[in-house]
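Note sheet for the following structure.
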Amino acid sequence: MSSHQRGIACITYSSECSAELSRRLDKLGIEEASNVFIGTIHSFCLKHVVVPYGKLAGLDLLVD
């Protein structure tokens, strides 16, 4: 098993808390990137579960 960091997921329940996590991580020099997710459980599920599996199922999901 690799000991290298693959990414970070900071998941919370509200947008307000998500913004606070972003501010705190920014102070540590960690910014949102392709391997860093900072957001709500709802946006995480949409981005990493619903949309990818929807595409596999042939669903045309319009997500901003």
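In what follows, residues are counted from 1 in the order of the sequence shown. Please read all numbers here as calculations on a predicted model, not as lab measurements.
Considering Ile38, Leu25, Leu21 in turn, Leu25 is the only one that fulfils the side-chain contact (heavy atoms from CB on, under 4.5 Å) rule with Ile30.
Residue Tyr53 is found in a hydrophobic cluster whose other members, listed by chain and number, are Val49, Leu56; membership requires side-chain heavy atoms under 4.5 Å apart, directly or through intermediates. Through side-chain heavy atoms spaced under 4.5 Å, either directly or across other Ile, Leu, Val, Met, Phe, Trp or Tyr residues, Ile41 is tied to Ile11, Tyr13, Phe37, Phe44.
Residue Glu20 holds its CD atom at 12.0 Å from SG of Cys10, rounded to the nearest 0.5 Å.
Here Ser14 pairs with nothing under the side-chain hydrogen bond (donor to acceptor under 3.5 Å, both in side chains) rule; sequence neighbours left out.
Annotation: His48, atom NE2; neighbour count of heavy atoms from other residues, nucleotides and ligands within 6.0 Å is above 12.
Taking 4.5 Å as the limit, every side-chain heavy atom of Leu28 sits out of range of all side-chain heavy atoms of Asp26. Looking at Ile8 and Asn35, their side chains never come closer than 4.5 Å, going by heavy atoms from C-beta outward.
When every heavy atom of Ser15 is checked against every heavy atom of Thr40, the shortest pair comes out as N-CG2, 3.7 Å.
Formation of a donor-acceptor pair under 3.5 Å by the Ser22 side chain with backbone atoms of Ser18 is found in this model.
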